[in-house]
Protein chains: 2
Amino acid sequence: MRLSTRSRYGVRLMLALGLYEKKEPVFLKDIAHSEGISEKYLSQIIIPLKARGLVTTFRGAHGGYLLGRPASEITLRDIIEPLEGDMSLVDCVNAPDICGKSTECVTRAVWNEMSSLLIGFMEKITLEDLVKKYKKKKESCNGSTDYTI
Amino acid sequence: MRLSTRSRYGVRLMLALGLYEKKEPVFLKDIAHSEGISEKYLSQIIIPLKARGLVTTFRGAHGGYLLGRPASEITLRDIIEPLEGDMSLVDCVNAPDICGKSTECVTRAVWNEMSSLLIGFMEKITLEDLVKKYKKKKESCNGSTDYTI
DNA sequence: TTTAATTTCTACTAATTTAATAGTATTTAT
DNA sequence: ATAAATACTATTAAATTAGTAGAAATTAAA
């Protein structure tokens with residue numbers, strides 16, 4: 001019942017981009033370095049995020065990435081779902097046909113509730129929330145408002 | 001972010017035992033057969049459940065398994081935790097030392113909240129709840145109150 | 001127009017985890 | 001004794017995860 005590192009890295013990646021909202025595009029290399037994540041791996045992770053419009057990309061020299069829309073309009077679910085795939089805790093929740101007893105299954109009903117709980121939580125949290133929390137913590141630690149990666 | 005089949009099988013196993021509360025011990029063979037799960041696999045799954053006192057075992061001929069305490073005193077968490085191991089969605093939630101930034105990490109705070117949400121949910125659901133729901137469904141489908149496996 | 005820097009695409013791979021299977025040992029009612 | 005059940009230990013095939021590697025495409029700038 002672990003979240004994949006893809007999802008975790010994806011959220012950290014988006015948080016880093018969120019800190020640069022409306023500024024110059026950021027190089028993946030820089031985020032990868034500051035976050036201590038393989039650049040090649042991040043470059044794979046960012047593709048589905050781009051496909052969903054969560055990031056805008058600029059190719060070629062001086063290219064890079066920017067948030068595709070305001071951080072306030074990006075939820076945790078938006079980020080995690082394309083990386084994690086099906087978000088349900090058990091296959092049968094979204095694919096009832098894999099089991100003949102799905103309609104009457106008591107445990108499936110529970111897995112369904114649990115999955116909905118998680119998804120509902122993720123929908124309530126925006127990238128803006130994370131950005132704000134991050135800045136708040138940084139200030140209280142550093143007394144600084146500099147958010148360079 | 002999937003629940004393991006160990007946990008799912010474990011819950012179904014306990015539900016089957018719950019339907020027999022205070023009656024004769026049940027053979028794992030019978031549960032395995034009725035649930036369509038490998039008996040050998042179930043016999044591994046039941047060991048940590050026994051260790052936590054969730055089931056009582058009787059060895060030898062005419063042995064079998066019974067619930068270790070009333071279904072009303074067994075929560076979903078009780079069943080899943082020994083099967084799943086650490087219940088947090090991300091390692092750093094319960095092992096902050098694996099990352100130097102845990103105390104200040106914004107994403108870790110989110111994973112922590114999410115994990116607590118799940119665990120809280122699982123603590124609220126008892127095996128008795130599942131047993132009752134099962135019986136209710138059976139009655140409305142069959143008009144029967146026979147719960148043989 | 002060349003070069004350097006960047007994203008994009010495709011393929012491969014090592015390590016780990018999962019979901020079992022298999023066989024033997026132990027216990028116990030009959 | 002023996003048959004029937006749990007308990008224990010070892011092995012394994014398949015899938016997933018978490019990357020690595022390298023070439024291709026794109027573009028700003030020299």
Side-chain angles (χ1 to χ4, degrees), chain A residues 1-13 17 20 24-33 35-52 54-68 80 83-86 89-91 98 149, chain B residues 1-13 16-17 20 24-33 35-52 54-68 80 82-86 89-92 98-99 149:
Chain A
M1 218 175 40
R2 285 287 193 283
L3 203 65
S4 68
T5 61
R6 273 171 67 85
S7 297
R8 294 190 292 107
Y9 289 176
V11 172
R12 285 164 59 190
L13 168 61
L17 288 177
Y20 283 85
E24 293 265 286
V26 190
F27 302 142
L28 210 51
K29 184 176 54 177
D30 293 336
I31 295 180
H33 185 259
E35 292 289 332
I37 301 170
S38 147
E39 185 190 348
K40 287 288 190 184
Y41 195 28
L42 267 191
S43 78
Q44 287 175 29
I45 290 172
I46 208 169
I47 288 173
L49 300 178
K50 183 197 170 185
R52 299 282 189 116
L54 304 182
V55 299
T56 308
T57 73
F58 301 89
R59 299 189 64 171
H62 302 86
Y65 298 89
L66 276 182
L67 238 44
I80 292 178
L83 297 173
E84 201 72 19
D86 180 0
L89 289 167
V90 172
D91 286 335
I98 62 174
I149 285 192
Chain B
M1 218 176 42
R2 286 287 194 285
L3 203 66
S4 69
T5 60
R6 273 171 65 86
S7 297
R8 294 191 292 107
Y9 288 177
V11 172
R12 284 164 60 190
L13 169 61
L17 288 178
Y20 284 85
E24 293 265 285
V26 189
F27 303 142
L28 210 52
K29 184 176 55 177
D30 293 336
I31 296 179
H33 186 258
E35 293 290 331
I37 301 170
S38 146
E39 184 189 350
K40 286 288 190 183
Y41 195 27
L42 267 190
S43 77
Q44 287 175 31
I45 289 171
I46 208 168
I47 288 174
L49 300 177
K50 183 197 169 185
R52 299 282 189 116
L54 304 181
V55 300
T56 308
T57 74
F58 301 88
R59 299 188 65 170
H62 302 88
Y65 298 90
L66 276 181
L67 238 45
I80 293 177
L83 296 173
E84 201 72 19
D86 181 1
L89 289 167
V90 173
D91 285 335
C92 65
I98 62 175
C99 172
I149 286 193

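These figures come from a predicted structure and were not determined experimentally. Naming: A, B, ... by sequence-line order, numbering from 1 per chain.
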How many whole angstroms separate atom [atom1] of [X] from atom [atom2] of [N]?
{"X": "L49(A)", "N": "dT7(C)", "atom1": "CG", "atom2": "C1'", "answer": "15 Å"}
{"X": "Y65(B)", "N": "dT27(C)", "atom1": "OH", "atom2": "C1'", "answer": "12 Å"}
{"X": "D91(A)", "N": "dT18(C)", "atom1": "CG", "atom2": "C1'", "answer": "13 Å"}
{"X": "K40(A)", "N": "dT13(C)", "atom1": "NZ", "atom2": "P", "answer": "17 Å"}
{"X": "E24(A)", "N": "dT6(C)", "atom1": "CD", "atom2": "C1'", "answer": "14 Å"}
{"X": "D30(A)", "N": "dT6(C)", "atom1": "CG", "atom2": "P", "answer": "8 Å"}
{"X": "E39(A)", "N": "dT6(C)", "atom1": "CD", "atom2": "P", "answer": "9 Å"}
{"X": "L3(B)", "N": "dA19(C)", "atom1": "CG", "atom2": "C1'", "answer": "14 Å"}

First and last nucleotide of DNA chain D in contact with chain A, 5' to 3', at under 4.0 Å to a heavy atom: what are they?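 Using the under 4.0 Å cut-off, the span is dA18(D) to dA29(D).
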
Could you measure the distance from the [atom1] atom of [X] to the [atom2] atom of [Y]? Nearest 0.5 Å is fine.
{"X": "F27(A)", "Y": "H33(A)", "atom1": "CZ", "atom2": "NE2", "result": "15.0 Å"}
{"X": "Y20(A)", "Y": "D30(A)", "atom1": "OH", "atom2": "CG", "result": "8.0 Å"}
{"X": "I46(A)", "Y": "K50(A)", "atom1": "CD1", "atom2": "NZ", "result": "9.5 Å"}
{"X": "L54(A)", "Y": "L67(A)", "atom1": "CG", "atom2": "CG", "result": "8.0 Å"}

Closest non-hydrogen atom pair, G10(B) against L83(B):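 Closest approach of G10(B) to L83(B): CA-CD1, 3.7 Å.
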
Go nucleotide by nucleotide along DNA chain D from the 5' end; which of M1(B) and R59(B) gets its closest nucleotide reached first?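 Whichever sits nearer the 5' end wins; that is R59(B).
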
On DNA chain D, does the nearest nucleotide to Y9(A) precede the nearest nucleotide to S43(A) from the 5' side, or the other way round? Give the residue.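 Its nearest nucleotide being more 5', the pick is Y9(A).
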
Please identify which of these residues, I45(A), L42(A), T5(A), meets the side chain to side chain contact (heavy atoms under 4.5 Å, CB included) condition with I37(A).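 Output: one option passes, namely L42(A).
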
Could you check L13(A), L49(A), L28(A) and say which one makes a side chain to side chain contact (heavy atoms under 4.5 Å, CB included) with Y65(A)?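 Only one option passes, and that is L28(A).
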
Between dT8(C) and K50(A), is there an OP1 or OP2 to side-chain N/O distance shorter than 4.0 Å?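 So the side-chain polar atoms of K50(A) do come within 4.0 Å of the phosphate oxygens OP1 or OP2 of dT8(C), strictly under.
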
Would you say K29(A) places a side-chain N or O within less than 4.0 Å of OP1 or OP2 belonging to dA5(C)?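 No, because none of the side-chain N or O atoms of K29(A) sits under 4.0 Å from OP1 or OP2 of dA5(C).
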
Need one value for Y41(B): base, sugar-phosphate or nothing, where a base atom within 4.0 Å counts as base even if backbone is also close, heavy atoms only.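 Since a base atom lies under 4.0 Å of Y41(B), the category is base.
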
Using a 4.0 Å heavy-atom cut-off, does L28(A) contact any base of the nucleic acid, only the sugar-phosphate backbone, or nothing at all?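 Here L28(A) touches the backbone only, sparing every base.
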
H62(B), nearest nucleotide to its side chain (from dA22(C), dT6(C), dA29(C)):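 Selected nucleotide (nearest to the side chain): dA29(C).
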
